[in-house]
Protein chains: 2
Amino acid sequence: MLQIYENTGKMALGSRLKQLSEALAKQAARVYQLYEVDLDPKWFPVFYMLKSGSCLPITVIAEAIGHSHASVSKIAKEMTAAGILKSEKLAGDARVNQVCITDKGRSLLSGFERQTGDMEAVVDELLGQCQHNIWEAISELDYLLEEKDVFARVRSKFLDRDKENIELIEYRAEHATSFRDLNYEWINKHFEIEQSDSAMLDDPEKQILAKGGYIVIAKYKGSVVGTCALIRHDANRIELAKMAVDDSVKGKGIGYLLGQRCVDKAKELDFRQVFLESNTKLKPAINLYKKLGFKRIVGEPSPYKRCNIQMLLTFLD
Amino acid sequence: MLQIYENTGKMALGSRLKQLSEALAKQAARVYQLYEVDLDPKWFPVFYMLKSGSCLPITVIAEAIGHSHASVSKIAKEMTAAGILKSEKLAGDARVNQVCITDKGRSLLSGFERQTGDMEAVVDELLGQCQHNIWEAISELDYLLEEKDVFARVRSKFLDRDKENIELIEYRAEHATSFRDLNYEWINKHFEIEQSDSAMLDDPEKQILAKGGYIVIAKYKGSVVGTCALIRHDANRIELAKMAVDDSVKGKGIGYLLGQRCVDKAKELDFRQVFLESNTKLKPAINLYKKLGFKRIVGEPSPYKRCNIQMLLTFLD
DNA sequence: ACTAATTACGTAACTAATTACGCGATGAAG
DNA sequence: CTTCATCGCGTAATTAGTTACGTAATTAGT
């Protein structure tokens, strides 16, 4: 075992796997030589796919063996030059290049099978001598990673840690500028400022808070980076709006935290439901709302031009 | 899982390992981006070796992390250009290029550790969820391969099968030409023909068989490819000689089979021991003789110039 | 002490894959 | 029925490593 693995811990799993697979590949190459089958080791998987005689398009082979189509294309070219493959056009679709084995290719088959048979037997024998079943272990790991890959898992940890840098506070007068700027910027990026915007954004204290609404401010590492508001329409109708998060802190879940805080606040204020208006072209936003529990509804027309979807969250209890 | 693995069986273990390790590497690359540590992923192992502050020569690092020295040399160059490493000459040996981390490199350490810590935790978690321990499985496999690698194992199988093509037969008049040619060729390749050679090779029936000796011929796939003889000197002294195997069938163990047959014959003829003469520069031959049980002795001077070593096999019973 | 072999390392050439890009063929949407 | 996105594939450029080779420094063998 390499010295480095004595210190890295399991983090280096990827490298160890690579190292082992490279060692196996190197030995396999020597095996190919031994059997004098006239196949370049790298042709092996393509040959394997075609040995039964079927004709397959490049991309289908690529997908089956886990290579890029470009790689298969190159290999097929080499094998064709060696007289092992031939290509034929697919009748219905002139784009498709179907390749299949030639008679010369077929003549290599018996040697190939003898060799792979021995190889198979050796690996079986080898795995039989192991207490821990590496084959099963790989399958398990594959399965777990399909569910949630390493990146996503590390990202969760990362975000957990990063959460300590996020702070939610109630709106105070000193946030007026940030509140306005963040929202203006957000609207300008996707739409145009409308008249109803200016009123709200320029005097939130009067237009939102004084009417029984609520504004929450998100800080990241001390500076204001996000806003969200509840706008009270009447005793039964309260709206979630003015959600804006600075681009530089996208992906940290700040939007979700802001939304959650507003939903909690609405509950606290004894509303039975919260509604919101948005636009279907803002896919990430819509997803966020869904994650918060909002469902699409058909409601009254919005005063904002940019809105073409309404959503509603009804509290269960 | 890729389609191909559904049919290949365990033979494709190497490819599966490679595939898994590549998937992990790809995800790891995304993790590096997330943490914004200014290290190219491929610098990772070198950085790991040097992060404690030690100065290490290129080859030492290469060996520890399992790369070629050329690769480490290139990486070190890049990292030096990035200001992360510096090199300093080793005092006693002007060939050695010791590299170590700079202050700038050290400044990356905290981010690096945070990241590797999270990574480690994730992998640990992942492995904890597996019933089959892939880490242990790799170690086991490593160990087994160190004992006898895949190539050697397959080769054993191959030779077993190939043995069916090898046939040992007693010398008959029809083998005279082959016997002479194989031996002439062998001697010419390494030495010069001497006078004692010609006599034996041109008339083996009289010079060897008539004097109570023995000649065995090896055929491979029907054609004569090897010879070996026992030359009777007197009632107590018999010599193993004229072992020649055609180059095209080297490595199939034909020499060993020939030798074994002659030794058996000597036993059958009631000799208590067999001796032989050879030359130390023929390492493979000497090894073969050792494998047959011969031990080096100091004997009488040989009639052949090419001989500088004598060996003896004494039967135990 | 001199020659030969070995060591450390850098550069160059090669390898086996990838991603990027372009082109013609196809199909979907107004 | 035309236009625009997408598909299949080939070629080019890139990448991360390897082996091969040359050179200078050191060690070993006579």
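- Across the protein-nucleic acid pair, A:Glu22 atom CD and C:dT15 atom P stand 17 Å apart, rounded to whole Å.
- Fit an axis to the five pairs at each end of the helix from C:dA1-D:dT30 to C:dG30-D:dC1 and the two axes sit 10° apart, to the nearest 10 degrees.
- Closest contact between the side chain of A:Ile75 and the listed nucleotides D:dA25, C:dA17, C:dA8 involves C:dA17.
- With rounding to whole Å, A:His67 atom NE2 is found 18 Å from D:dG10 atom C1'.
- One can place OH of B:Tyr32 at 14 Å from C1' of D:dA16, the figure rounded to the nearest angstrom.
- Of the residues near DNA chain D, B:Gly66 and B:Gly92, the one whose nearest nucleotide (by heavy atom distance) lies more toward the 5' end is B:Gly66.
- Rounded to whole Å, atom P of C:dT15 lies 15 Å from atom NZ of A:Lys26.
- A:Asp40 has its CG atom 14 Å from the C1' atom of C:dC14, to the nearest Å.
- The shortest distance between the side-chain N/O atoms of B:Thr59 and the OP1/OP2 oxygens of C:dC9 is below 4.0 Å.
- Environment of CZ in A:Arg106: crowded, with over 12 heavy atoms of neighbouring residues, nucleotides or ligands closer than 6.0 Å.
- Rounding to whole angstrom units, CZ of residue B:Phe44 and C1' of D:dT15 are separated by 19 Å.
- Taking each heavy atom of A:Lys104 and A:Gly83 in turn, the nearest pair found is CB-O, 3.5 Å.
- The base of D:dT26 is not paired with the side chain of B:Arg95 by any donor and acceptor separated by under 3.5 Å.
- Considering all non-hydrogen atoms of both residues, A:Ala28 and A:Met119 come closest at CB-CE, 3.9 Å.
- In this structure, NZ of A:Lys89 is placed 7 Å from P of D:dG10, rounded to the nearest angstrom.
- Nearest heavy atoms, B:Ser87 versus B:Asn97: CB-OD1, 3.0 Å.
- For the pair A:Glu63 CD and D:dC7 P, the computed distance is 12 Å after rounding to whole Å.
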Measure all distances between protein nitrogen or oxygen atoms and nitrogen or oxygen atoms of nucleotides 10-12 of chain C, and list the pairs falling under 3.5 Å.
unit_1	atom_1	unit_2	atom_2	d
C:dG10	OP1	B:Asn97	ND2	2.5
C:dG10	OP2	B:Ser73	OG	2.6
C:dG10	O6	B:His69	NE2	3.2

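- Closest of all the heavy-atom pairs between A:Tyr48 and B:Asn7 is OH-O, 3.0 Å.
- Between D:dT18 and B:Ser71, a contact under 4.0 Å exists linking OP1 or OP2 to a side-chain N or O.
- In terms of heavy atoms, B:Cys130 sits closest to A:Leu144 at SG-CD1, 3.6 Å.
- A heavy-atom distance below 4.5 Å is not found between the side chains of A:Gln115 and B:Val154.
- Proximity of the aromatic rings of B:Phe112 and B:Phe44 is defined here by a centroid distance below 6.0 angstrom, and this criterion is met.
- Of the possible donor and acceptor atoms, none in the side chain of B:Thr8 sits under 3.5 Å from a partner among the backbone N and O of B:Met11.
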